[in-house]
Amino acid sequence: MSGNRLYLSVSLLLSVGYFWLGWSLMQPEPKHNFTPCLFKNVTGIACPSCGTTRSVLLITKGHLQEAALTNPLGLLAAIIMLTLPAWLLYDFFRREKTFYNNYSIAERFINKNKKIIIPITVSLMLGNWIWNICKGL
Amino acid sequence: MDSQKVDMYLMTNAKFFSPAHINFIRERLLAADDSKWGLINSVDVKDPTTVLIVSIFVGYLGIDRFMIGDTGLGIGKLLTGGGCGIWALVDWFLIQDATRQKNMEKLQMYL
């Protein structure tokens, strides 16, 4: 993936994420039942990352433990949404490509060890999925 | 490389590359040295149809992106559950072209 396309898609994803988070925060209680998840809308059961929004919303209120219990991916999403904008802005103003270079290094590293990393990540996600279904998210 | 070899290569492998690249590959292969024949044949090209089938069944986990070597996007797709399902759906239509593009990149290293 070329540098500019990476920056464009990451900033697009981040802005969609912030827009979605802001919209969810503004909803009055009781919470709405709308979900953008196609899998859940079609099958009625949770997908591996269902509950991430609820988890991030709990983090904004300071309930870290409940957030991790709702969906551990929420913690990851919160970390990414807090750090990446700063990193992208740093690159933008300094006219450097530190994010792209690190992305390439990480991609090469994962490619080199993909026989270990990918099965582990996929099985973690599958485990999370089973947990999600058991929790009835 | 003699044209018979090049035509044989293109006949067996044309479906792995986008039609727009075939002429370029042919020209570069004709100009390439005979000693590269083994290397070029050993390039690990992926079949777009197989990747499409993988994408339809386990696109939610990003396996299709891992398969063609887009590891960064694969991890992104895995962690977001196929981008809320929307990215996984869009990828059904994009993955074949992405596969052909990746195959071209792999081959280009030896041309």
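Here is the naming used below: chain letters follow the sequence lines, and residue numbers restart at 1 for every chain. All figures in this text were calculated on a predicted structure; none of them were measured in a lab.
The local environment of OH in A:Tyr18 is crowded, with over 12 non-hydrogen atoms from other residues, nucleotides or ligands closer than 6.0 Å. Counting heavy-atom neighbours within 6.0 Å of A:Lys112 NZ, excluding the residue itself, gives a total of 12 or less. The environment of B:Arg28 atom CZ is sparse: at most 12 non-hydrogen atoms of other residues, nucleotides or ligands sit within 6.0 angstrom.
No chain of hydrophobic side-chain contacts below 4.5 Å, direct or via other Ile, Leu, Val, Met, Phe, Trp or Tyr residues, connects B:Val90 to A:Val16. There is a path of hydrophobic side-chain contacts, each under 4.5 Å, that joins B:Ile25 to B:Leu30. Hydrophobic clustering of Ile, Leu, Val, Met, Phe, Trp and Tyr side chains at less than 4.5 Å, counting indirect connections, keeps A:Leu69 apart from A:Trp129. Residues A:Met81 and A:Phe19 do not share a hydrophobic cluster, defined by chaining ILVMFWY side chains whose heavy atoms lie under 4.5 Å apart.
Distance check, rounded to the nearest 0.5 Å: OG of A:Ser9 to CG of B:Leu73 gives 7.0 Å. Note that CG of A:Asn111 and OG1 of B:Thr71 are 3.0 Å apart. Values are rounded to the nearest 0.5 Å.
When all heavy atoms of A:Ser49 and B:Thr80 are compared, the pair lying nearest together is OG-O, 2.9 Å. When every heavy atom of A:Ile118 is checked against every heavy atom of B:Phe66, the shortest pair comes out as CD1-CD2, 3.4 Å.
At a 4.5 Å heavy-atom cutoff, the contact between A:Lys114 and chain B is made by side-chain atoms alone. Of the two parts of A:Ile80, neither the backbone nor the side chain holds a non-hydrogen atom closer than 4.5 Å to a non-hydrogen atom of chain B. Both the backbone and the side chain of A:Thr121 have a heavy atom closer than 4.5 Å to some heavy atom of chain B. Heavy atoms closer than 4.5 Å to chain B are found in the side chain of A:Leu76, but not in its backbone.
The side chain to side chain contact (heavy atoms under 4.5 Å, CB included) check on A:Ile116 picks up A:Ile120, with sequence neighbours excluded. The side chain to side chain contact (heavy atoms under 4.5 Å, CB included) check on B:Asn13 picks up B:Tyr9, B:Phe16, B:Phe17, with sequence neighbours excluded. For B:Trp92, there are no side-chain hydrogen bond (donor to acceptor under 3.5 Å, both in side chains) partners at least two apart in sequence or on another chain.
Contacts of residues 31-63 of chain B with chain A at a heavy-atom distance below 4.5 Å involve B:Tyr60, B:Leu61, B:Ile63, listed in sequence order.
The shortest distance between side-chain heavy atoms of B:Leu79 and A:Met125 falls below 4.5 Å.
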